[in-house]
Every structure is written in structure tokens, then in C-alpha cells.
Amino acid sequence: MTIPFDNNVTTQTMLEGTTAEIKPREALRINPAKTCQPIGAMYAALGLHGCMPHSHGSQGCCAYHRSALTRHFKEPAIATTSSFTEGASVFGGLANLTQALSNIFTIYNPEIVAVHTTCLSEVIGDDIPMMIRKATEDGTIPNGKYVIHANTPSFVGSHVTGFANMTTAMVRYLAEKRVHRPFQLNLIPGFIDPADIRELKRIVAEMGIRAVVFPDTSGVLDLPQDGRYRMFPHGGATIEDLKSTGESTSTIALGHFTSHPAATELDEKCGVGCAFLELPIGMTETDRFIHALRNYGNVDVPATIGEERGRLLDAMSDMHQYFHKKRVAVAGDPDHVIALTQFLSDLDMKPAYVITGSPGNHFEQRVRDILKDQAPEAVVKQNADLFALHQWIKNAPVDLIIGNTYCKYIARAEKIPFVRFGFPVLDRMGHRYFPCVGYMGALRLMEKMNDAMLDHKDRECADEYFELIQ
Amino acid sequence: MNETTGIVAAPDPNAVREEMLKIYPPKTRKKRAKQILSNDPEAPPEIAANTRTIPGIISQRGCTYAGCRGVVMGPIYDLLQITHGPVGCGFYAWMTRRNLARLKPGEVNYMQYCMNTDMQEDQIIFGGEKKLRQAIKEAYEIFHPKAIAILATCPVGLIGDDIHTIARQMKEELGINVMAFSCEGYKGVSQSAGHHIANNGVFKNIIGLDDTPDQAEFTMNILGEYNIGGDAWEIDTLLRKCGVHVTSTLSGDVSYDQVKKSHTVQLNGVMCHRSINYIADMMEKKFGIPWIKVNFIGAEAAKKTLRKIARFFDSKKLTDRVEEVIMREMLALKPVQDEIWARCQGKTAALFVGGSRAHHYQELFRDIGMETVSAGYEFAHRDDYEGRRVLPTIKVDADSRNIEELHVEPDPARFKPTRTPEQMAALEAGGFSFRDYQGMMAEMKKQTLIIDDISHHEIEKLIEIYKPDIIGSGIKDKFVIEKMGVPCKQLHSYDYSGPYAAFTGAANFYREVDRMVNTKIWKFITPIWEKEPQLTASLVHPSRGNGAGKNGESKSWRRPAAAVPAGDPE
């Protein structure tokens with residue numbers, strides 16, 4: 001396939017409407033760095049084994065979410081919808097949900113259906129627990145099958161909130177208060193890719209710890225090609241896993257925005273104490289994660305983990321000159337950005353703009369705290385958007401942009417090296433197979449940052465500065 | 001396979017249908033039975049298209065907002081569009097359809113921008129009008145666009161924000177065109193309702209604002225062409241070679257100014273009948289521009305279309321040019337077509353997509369000897385299956401009645417038919433057809449399987465039974481299908497390749513299909529050790545280096561005894 005590269009194009013048409021002059025803006029969101037709650041809920045639900053996520057609203061929501069998830073993971077993202085029409089919007093969605101449940105259990109036979117709401121069903125005030133109760137009473141939900149729900153209004157929070165709400169719903173509906181068993185931990189990994197969850201499970205196993213991981217999309221959204229399609233593949237946390245979270249000695253929850261609410265719920269419901277950590281991205285946060293595993297799991301850190309750490313540290317010192325004091329713009333989901341900012345700080349970089357589209361003051365406090373010595377002048381903002389970020393960059397440029405695929409338009413317009421990170425990544429493949437968490441993930445992130453900056457230099461520098469060795 | 005003839009017996013479509021339906025609960029079965037049919041091209045059976053999607057069934061369909069904002073309005077690249085609602089809808093429609101645009105200096109491509117009111121709980125409770133008004137003002141202050149469109153999402157209709165009044169007021173206040181679209185997602189039964197709403201809005205608010213015609217002898221619009229992967233550019237180039245000028249392509253690589261004068265052409269050509277026939281009809285009624293169905297997908301289809309256009313313009317010069325262009329294009333295309341025909345002929349395809357592509361793309365497969373064994377649309381109506389002759393018999397149900405039908409009268413000053421009734425009658429007498437679409441069924445073989453709004457379950461069954469060599473579908477099914485070892489071509493995005501339109505695009509498609517159906521990739525699915533029985537006897541190499549394990553056994557490579565060829569010196 002030939003792609004027409006036209007070298008004679010002189011018209012710059014990349015985000016041409018964006019200027020350095022910043023005019024006041026209160027109502028208009030331009031180029032959001034977030035999306036709506038239901039997609040997060042759908043993704044979380046896919047981390048339950050045998051689960052059919054169900055979108056209670058117009059079918060367009062479900063179509064959009066499935067498409068977005070599929071484009072990010074390049075895997076089937078299965079979900080059903082109540083397919084509201086105008087009539088359902090007026091009279092309520094009870095009939096639609098009941099019919100949907102009947103079809104879902106008859107045709108696709110999942111173990112569990114995880115219903116999330118949409119702005120439509122929230123605005124008309126559909127009472128989902130009542131509807132589930134009715135469906136249970138009239139036999140629409142077969143014996144032994146489960147239906148859980150989370151309220152995920154699109155006009156509150158962001159996709160991150162939706163993920164947290166569905167994860168919390170898993171605890172609320174399924175966790176059972178039981179006698180604590182020694183040596184089982186819960187691990188709530190947050191809104192991360194299957195490759196990341198797989199890596200966290202590897203680390204936990206390497207440490208000799210038994211853990212219930214939920215939601216767990218590894219083995220669901222990273223399936224091998226073997227010529228067979230399975231709607232409900234082997235992966236995902238089982239209902240029994242979820243029930244047994246109440247037996248665990250403690251919970252390790254990664255990420256204030258995505259995982260801490262479920263951990264808190266679990267503590268309140270079943271009295272399972274919790275370690276509240278950030279996502280283990282980079283040196284400091286992975287150290288904290290390993291340290292917590294060691295303390296809560298009551299194990300020694302094996303030499304193999306120490307070696308991984310040592311290799312990361314070795315690379316950090318080898319590459320330090322290329323990172324030191326480099327100005328970086330970071331955009332993404334709050335838990336990701338908080339942890340990444342810490343890593344950039346570990347590398348002695350200078351985060352200049354650190355934004356998330358999701359609302360939450362905790363984000364700003366936490367990032368400012370991380371940067372208070374390193375880069376106190378950094379612009380840190382929650383509930384921000386990529387248009388604002390681009391304008392700031394136009395006023396004072398950066399050496400590197402890190403964010404989701406939408407940031408590539410800014411990178412191209414301003415000719416700045418760019419590393420794809422977070423959700424969604426729509427145009428590259430690595431995130432589907434290689435983690436960014438743990439020491440090995442940190443190595444990969446470093447490699448990507450280093451490559452992006454050195455590739456840029458190799459492409460743009462004057463011939464006399466084009467060097468063989470770096 | 002029949003041993004003597006080598007012909008694969010086609011599955012019995014009625015048996016397949018029963019197999020697909022049997023798992024469904026009674027109510028679902030009853031409804032789906034009207035949407036899964038065995039085809040008869042002579043007498044197309046009635047299909048229950050454009051009816052409600054069954055909750056819980058897993059459909060491909062999207063919503064009215066997607067059809068309006070994403071499909072029809074989105075590609076008007078310098079029309080600033082603000083989605084009124086929570087952040088999600090605008091976000092998902094942001095650059096996810098692949099409408100390419102090539103800008104002229106000084107223009108801004110608003111397709112790269114996602115603008116919305118990011119509606120919060122406060123606005124849901126107290127109304128979002130104030131925020132929308134403010135958002136429009138801010139957009140104007142920052143970008144100074146030529147025009148602004150407001151697009152509604154579900155909550156807007158429910159809380160009763162009056163976006164049309166706001167548009168009218170802002171139009172006066174800002175002195176630019178501001179228009180609103182009530183394309184709430186819950187309206188209609190699919191994105192099709194959104195196409196209609198967008199057609200109405202474009203017709204009411206943009207078309208006809210500029211009466212200056214483009215200076216060319218033969219002028220036309222291409223309607224229902226979205227420039228996915230550059231298709232519109234291929235069509236445009238082809239027509240230019242023939243001497244026909246395209247004023248406006250709705251909607252692909254088109255500017256607001258081009259749309260304004262699209263009523264100044266002599267002819268409208270309709271590619272995607274489903275999404276744009278409304279505008280074609282309304283332009284004929286109001287301005288007297290006749291429309292014909294065109295199709296540039298596939299070499300044979302493109303030839304027919306070019307000749308049809310030449311007949312319409314009735315010019316010897318144009319007719320000769322068209323024949324010359326066809327000859328030249330085919331001279332370049334034929335070797336590619338022949339080469340790929342040899343590798344692809346006899347293979348089968350199934351197409352489940354859109355409102356026209358599941359029909360049009362059959363032409364491309366036919367060009368390389370491939371048969372479409374089953375097809376269906378995602379959101380089309382009966383006329384797209386059975387032909388426009390059924391239009392008078394289509395019952396308007398409650399869902400369709402909610403979508404406005406504009407009443408259009410001839411424009412007192414500007415209704416100037418480009419062909420007299422006598423000229424049109426003469427053409428028709430010679431077999432030429434205006435405002436006609438025969439639909440998909442007339443062009444598909446008898447006993448092929450037609451499936452409207454196919455469900456996930458039905459796709460799985462279809463693959464099991466028909467085992468097609470390739471499926472054309474969308475992003476949501478693509479990896480389901482490929483996990484089953486069948487290559488799937490996304491016919492919304494072309495999997496980021498293309499263009500596929502016109503003769504040049506056809507060559508791209510042939511090569512792409514050849515790549516997909518003849519790749520080695522799928523042959524790797526079963527590893528050798530699952531194909532061959534395990535052999536227990538093995539040769540153990542006594543020692544290679546220090547390969548001896550703890551128990552004295554060798555850890556080194558073992559070769560199965562049977563794999564050692566007789567007389568191997570080793």
C-alpha cells in the first residue's frame with residue numbers, strides 16, 4: 001500500500017487554530033484529556049471472569065466504548081446495551097433492561113452481568129437495584145448467575161471515576177466478610193493495560209505471595225491467536241476470587257483515583273486493612289510497591305527482584321545525561337500521571353506542565369508535593385485539556401511530550417519528541433504486550449523517552465553534530 | 001466438496017437461518033426471523049430493516065449523534081462544531097472516522113478539534129443553556145470561524161435545553177451562521193436517523209447561501225462520499241480527467257463555502273444512498289437538480305457510472321473523453337486485476353457494514369472472481385435492500401415519525417431544472433434511470449443469505465457454517481472474526497489503508513484482499529506438534545558440552561527418532 005507522502009506541502013494544517021494568546025475560557029472544553037465514566041466501568045467489568053459488561057442507555061454509548069477499547073487493545077471488547085429508544089427515555093428503561101438480561105443469559109450465558117448507567121438512564125433516574133431485584137424474582141436471571149451494577153453518570157468525574165465505581169461495585173456486591181486467612185493479599189491494580197497487570201502478577205508470584213487481583217483484564221484483552229474465539233476467555237478475577245477478598249489479610253490498592261475507593265469499601269465491609277500506594281511506575285513507586293509486598297506479605301525480597309532493580313538503576317545512571325533537566329509536558333489519567341511525574345523526578349527531569357483531564361484536587365496536591373524541590377514552577381492542573389497544554393507549550397516549549405495518542409498532533413505541530421503513554425494509544429502496538437509498571441516497565445519507558453529525544457536530535461541536528469555514538 | 005466437480009456445496013440459507021435463530025428467546029426469534037432472509041434477486045423478499053435494535057443482542061449499531069456529528073457533519077472541515085453534552089460523545093467522535101481533508105492556505109481544520117460543553121451535574125439539574133451560550137461565545141472569540149454548528153447529545157433533549165433558539169440568538173449576536181442539530185442519541189433506531197437530521201440541517205442552513213456557480217462546462221456534486229482514506233480524491237481526479245467538475249462532496253474533504261454553493265450544479269450523483277438521499281431529493285424539489293445513483297467502487301461499477309454521467313450530459317466530447325479515460329485506466333488496472341484474479345477467484349466474502357458499503361464492495365470482490373455469499377447492512381432501510389420501488393409501501397413507525405421530514409417547495413427564484421422534462425423523458429426512454437436505486441438484493445445471487453443488523457451470535461454462526469475467506473465489517477467485530485482465523489477488512493476505516501474508489505483505488509483493494517486471503521499468517525495457527533502425533537522413541541544425544549542434568553540425563557536437544565532420515569551420517 002502506498003501512502004502519498006507529499007514533500008511539497010507547505011501549508012501547515014496541524015492544529016492551526018491554536019495560538020499562543022490565551023483567552024479566557026469557562027464553558028468550552030477543547031480537546032479533552034478525559035472521557036466519560038461508562039467506558040471505565042466497561043473496562044473494569046471486563047476484568048471479571050465470565051462477565052458481560054452491560055451499558056444501560058442508548059446503544060451509541062456501548063458502540064463508542066467498544067470501539068474505543070477495541071482500538072486501544074486490538075482485541076474484541078464485548079458488551080451489551082439496553083438500546084434505549086425515545087419511548088424508553090420517556091417511560092424508563094425497565095423493559096429494555098429486562099429484555100436485555102433475558103437475551104444475554106439465553107444467548108451468551110455469562111457468569112455475571114455488570115450493568116453500568118449512562119447519562120441518559122441517570123437523567124431519567126432509572127433505579128437499577130430495583131430492576132435487578134425484579135429480574136431475580138421473575139427468573140430472568142438464572143439461578144447461580146449474578147448481576148451487579150454501578151452508577152456511572154457521564155456528567156460527573158471521568159472515565160477514571162467510572163472505573164473506580166465499577167471496581168467498588170464488585171466489592172459491594174461480591175466480597176464476603178469471612179475469617180481472615182493468613183498469606184492472601186488483595187491487589188487492586190487500577191486502570192492499567194493487561195500487559196501491566198500480567199507484570200504485576202509476575203512480580204507478586206516472584207515474591208512468593210498469593211494474591212487476588214481484581215479487576216484483572218490479563219487473559220481477557222491480550223489473548224493469543226489460536227484460531228478459536230472465546231467470548232469469555234480464561235482470564236479475569238472469578239466470582240469466588242472476589243468473594244474471597246474478604247478473607248485476605250490486607251489489600252494493596254494502586255492509585256488514589258482508580259483503586260483506593262474499592263479498597264476503602266473492602267475495609268469497611270470486611271475489615272480488610274489497606275496499603276494505599278501509587279501505581280508502581282518508575283523507581284520510587286516500584287520500590288514502595290515491592291516494600292509493601294514484602295511487609296504485608298511477610299516475605300523477603302528475592303534476589304531476582306533486586307537484580308531487576310539494579311539493572312534499572314544502572315540504565316538510569318548510563319542515560320542520566322540525556323534526561324537531566326529536560327523539560328517535559330505530561331498529560332493523562334491522574335494515577336498514571338502522578339506516578340510518572342515521580343519517575344521523571346527520579347531521573348532529574350523537569351516536568352514543566354503536568355495535567356489531567358479528570359477532576360480532583362488530590363492530583364494537584366500530590367504532583368506539587370512530588371515537584372516541590374525539583375520543579376516548583378511547574379504548571380500542575382486537574383480538569384485541564386490538551387488545548388490549554390498546547391497553548392502553554394507555544395508560550396514556553398518543552399523537550400518531550402508524554403501522553404496518549406491525541407498528543408501527537410501537538411508534537412507534530414511543535415516538532416517536539418513524543419512518547420505515547422496511558423489511554424488511549426491508538427496508533428502503536430507496544431503497550432499491548434510490554435508493561436510500563438515495575439522495574440522492567442520503567443526500563444521500557446526510559447528507553448522510549450531516550451529514543452524519542454535522540455531520534456529527534458538525529459533527524460533535526462546540523463550535519464556536523466550528527467554523531468555515530470551517543 | 002463434491003469429489004468429481006470440485007464445487008463446494010453452498011449451505012442452505014434456510015437451514016443456516018434456523019440454526020442462527022434457534023437459541024433465541026421467542027420474542028427475539030420472532031423479530032430476527034424477519035431480518036434474516038434467503039435472497040431472490042427477481043423478487044426481493046421483504047426485510048424488516050430500520051427497526052428497533054433488540055436489547056442485549058450485541059449489535060453493530062451506533063446512535064443518532066454518531067450519524068449526524070460523526071458521519072455527515074464531521075467532514076465539513078472548517079465548520080466549527082460544538083457538542084452540547086457530557087464529555088464522552090464528543091471525545092469518541094474526535095478523529096475516529098477517517099475523513100481526510102486537504103486544506104487551502106489560511107483555512108483551519110476543525111476536525112482536529114474536539115469542542116464540547118463538558119456538561120456537569122449542575123447543568124443537568126439547572127439547565128445547560130447558559131453554558132452552551134458561553135461556550136459558543138468563547139469558540140467565536142478564540143477561533144473566529146465562518147460558521148458554528150451545535151450538536152445535541154442524549155441529556156440535552158431530556159432536560160429541554162432549547163438549542164435552536166440559542167443558535168438563532170447567537171447568529172444575530174455574532175453575525176455568523178450558527179445552526180443546531182437535535183441529534184440526541186436515543187432518537188431513531190440507529191445512526192441512520194442522525195444522517196437524516198444532518199441532511200435536514202445542511203439543507204436548511206447551508207445549501208443555497210452562495211449562488212455563485214463554479215466555472216466549468218459539466219458540474220456535479222458527489223453525495224454520500226466521505227473521503228475515507230482519500231476515496232473522494234480518487235473520484236475527483238477521475239472525473240476531472242473526463243472533464244467533469246465536482247463542486248462539492250458531501251461530506252468528504254469539503255469546506256463550508258463549497259457546501260453553500262452545492263445547489264449550483266447540473267447533476268447530483270449519490271454514492272451512499274442511505275445517508276444522503278434526503279438532500280438529493282430536496283435539492284431536486286427546490287432547485288431542479290436531478291440525481292442519479294452512482295458507484296465508483298469496483299472497476300465495472302466505475303465504468304458504468306462514468307458512462308451514465310456522460311449520457312446525462314449528452315455531449316459527444318465528454319462521451320469520447322470518458323471512453324478514453326476508461327481505456328487508459330483499464331490498461332493500467334487490468335494486469336493487476338488479472339494477476340490477483342488468478343490467486344483469489346473462487347474465494348468467498350461476507351459483508352456486514354453500513355448502509356451502502358455492504359452492497360458496493362461486492363463489486364470489488366466480483367472484479368477479482370470472489371463471490372459474496374452473505375451480506376447485510378448495519379443501519380439501512382428496506383429501499384437499500386429491495387430497491388426504491390418499495391418506498392411507497394414502507395410503514396412509518398413511531399421511531400421514524402420522530403425524525404422531521406422537511407416539506408420542500410420549488411424555490412421561486414432559483415428553481416431552474418437543468419434538464420427539461422422532455423430531455424429527462426427521452427433519457428428514461430433509452431433505459432436511463434433518475435432517482436433510482438435498485439438495492440442490494442437485486443444484485444446478489446439467489447439463495448445468498450441476507451442479514452440485517454447482524455448480531456454477534458449470528459456472525460459466529462455464519463463463520464462456523466460458511467467459513468468465508470474474508471469478511472468486511474467494522475472495528476467492533478474485526479478481532480472477533482480474526483480470532484476465528486478469518487481475515488476481516490474494516491470497511492469503515494479500511495484498516496488505515498486505501499483509497500479504494502475508482503480504478504486506482506480498485507488496484508489498492510485487489511492487492512489488499514490478495515494480501516489478506518493469501519497470507520501465511522493464518523497457517524501458523526496450529527503448531528507442528530499439534531498436527532503430528534507425538535513420537536515416544538527419541539534419540540538422546542549422549543553429551544553435548546556439559547549438558548548432563550542432575551540425574552545424569554541429557555538436557556540437550558532431542559531429535560525424534562522418526563525425524564532422522566535413513567542413512568543420515570549422524
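To find a chain, count down the sequence lines: A is the first, B the second, and so on, and within it residues start at 1.
Ala79(A) touches chain B through its backbone: at least one of N, CA, C or O sits under 4.5 Å from a heavy atom, while the side chain does not. Of the two parts of Pro359(A), neither the backbone nor the side chain holds a non-hydrogen atom closer than 4.5 Å to a non-hydrogen atom of chain B. For Thr153(B), no part lies near chain A; criterion is any non-hydrogen pair under 4.5 Å. Heavy atoms of Met95(B) lying under 4.5 Å from chain A belong exclusively to its side chain. For Ile82(B), the part lying near chain A is the side chain, with the backbone staying farther off; criterion is any non-hydrogen pair under 4.5 Å. Only the side chain of Ala68(A) comes within contact range of chain B, with at least one heavy atom under 4.5 Å from a heavy atom of that chain. Neither the backbone nor the side chain of Pro153(A) comes within contact range of chain B; no heavy atoms are under 4.5 Å apart. Residue contact with chain A, scored on non-hydrogen atoms closer than 4.5 Å, involves the backbone and the side chain of Tyr113(B) alike. For Glu460(B), the part lying near chain A is the side chain, with the backbone staying farther off; criterion is any non-hydrogen pair under 4.5 Å. Proximity to chain B (any heavy atom under 4.5 Å) is shown, for Phe105(A), by neither the backbone nor the side chain. Using a 4.5 Å cut-off between heavy atoms, Leu69(A) does not touch chain B at all. Proximity to chain A is limited to the side chain of Arg52(B), based on heavy atoms less than 4.5 angstrom apart. For Ile124(B), the part sitting under 4.5 Å from any heavy atom of chain A is the side chain, from C-beta outward, and nothing else. If you measure heavy-atom distances from Lys27(B) to chain A, the contacts under 4.5 Å come from the side chain alone.
Taking Trp94(B), Trp522(B), Phe143(B) one by one and counting their heavy-atom pairs under 4.5 Å with chain A, the maximum is reached by Trp94(B). Most heavy-atom pairs under 4.5 Å with chain B, from the set Thr19(A), Ile124(A), Thr118(A), Thr18(A): that is Thr18(A). When each of Lys23(A), Gln59(A), Glu75(A) is scored by its heavy-atom pairs under 4.5 Å with chain B, the top score falls to Gln59(A). Ranked by heavy-atom pairs under 4.5 Å with chain B, the list Arg228(A), His159(A), Gln37(A), Glu21(A) is led by Arg228(A). With respect to chain B, the highest number of heavy-atom pairs below 4.5 Å among Thr81(A), Val123(A), Ile107(A), Val113(A) belongs to Ile107(A). Across Thr80(A), Thr85(A), Val156(A), the residue that shares the most heavy-atom pairs under 4.5 angstrom with chain B is Thr85(A). Among the candidates Cys63(B), Ala101(B), Cys114(B), the residue making the largest number of heavy-atom pairs closer than 4.5 Å to chain A is Cys114(B). Contact count versus chain A (heavy atoms, under 4.5 Å) is highest, among Thr28(B), Asp399(B), Thr117(B), for Thr28(B). When each of Ile22(A), Leu101(A), Leu223(A) is scored by its heavy-atom pairs under 4.5 Å with chain B, the top score falls to Leu223(A). Counting heavy-atom pairs closer than 4.5 Å to chain A, the top residue among Gly485(B), Gly67(B), Pro25(B), Cys154(B) is Pro25(B). Between chain A and the options Lys131(B), Lys476(B), Gln134(B), Met484(B), heavy-atom pairs under 4.5 Å are most frequent for Lys476(B). When the candidates Ala398(B), Gly88(B), Ala139(B), Gly230(B) are compared by the number of heavy-atom contacts under 4.5 Å with chain A, Gly88(B) comes out ahead.
In this structure, the separation between CD1 on Ile57(B) and OG on Ser83(A) is 9.5 Å, given to the nearest 0.5 Å. A distance of 8.0 Å separates CD1 of Ile58(B) from SG of Cys62(A), quoted to the nearest 0.5 Å. Note that CZ of Phe479(B) and OH of Tyr229(A) are 13.0 Å apart. Values are rounded to the nearest 0.5 Å. Rounded to the nearest 0.5 angstrom, Ile30(A) CD1 and Leu80(B) CG are separated by 8.0 Å. How far CZ of Phe155(A) is from CE of Met119(B): 9.5 Å, rounded to the nearest 0.5 Å. Rounded to the nearest 0.5 Å, atoms CG (Asn116(B)) and CG (Leu28(A)) are 7.5 Å apart.
Looking only at atom types and distance, the side chain of Tyr64(A) has no donor-acceptor partner in the side chain of Thr96(B) under 3.5 Å away. Between Thr13(A) and Asn109(B), the side chains place no donor N or O within less than 3.5 Å of an acceptor N or O (distance only, hydrogens not considered).
A salt bridge does not link Asp226(A) with Lys483(B): every distance from a Lys NZ or Arg NE/NH1/NH2 to an Asp or Glu carboxylate oxygen is 4.0 Å or more.
The distance between the ring centers of His456(B) and Tyr108(A) falls below 6.0 angstrom. In this structure, the ring of Phe91(B) has its center less than 6.0 angstrom from the ring center of Tyr406(A).
Considering only heavy atoms from C-beta on, Leu158(B) comes within 4.5 Å of Ser89(A) through its side chain. Lys478(B) places none of its side-chain heavy atoms less than 4.5 Å from the side chain of Thr70(A).
No donor-acceptor pair under 3.5 Å is formed between the side chain of Glu16(A) and the backbone N or O of Val108(B). Side-chain atoms of Tyr186(B) do not come within 3.5 Å of backbone N or O of Leu120(A) as any donor-acceptor pair. A donor-acceptor pair under 3.5 Å links the side-chain atoms of Glu138(B) to the main chain of Ala27(A), judged by distance alone.
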Item to complete: Check the pair Ser67(A), Tyr92(B) against side-chain hydrogen bond (donor to acceptor under 3.5 Å, both in side chains), reporting the backbone distance first and the verdict last.
Response: CA-CA 9 Å; Ser67(A) 300; Tyr92(B) 303 114; over 6 Å; no
Discussion item. Checking Val87(B) against Ser154(A) for the side-chain contact (heavy atoms from CB on, under 4.5 Å) test, could you report, in this order, the C-alpha distance in whole Å, the side-chain angles of both residues, the deciding distance, and whether it holds?
Written reply: CA-CA 7 Å; Val87(B) 70; Ser154(A) 318; over 6 Å; no
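Across Gly185(B) and Ser58(A), no two heavy atoms sit closer than the pair C-OG, 3.7 Å. In this structure, Pro76(A) and Val480(B) approach most closely via the heavy-atom pair CB-CG2, 3.5 Å.
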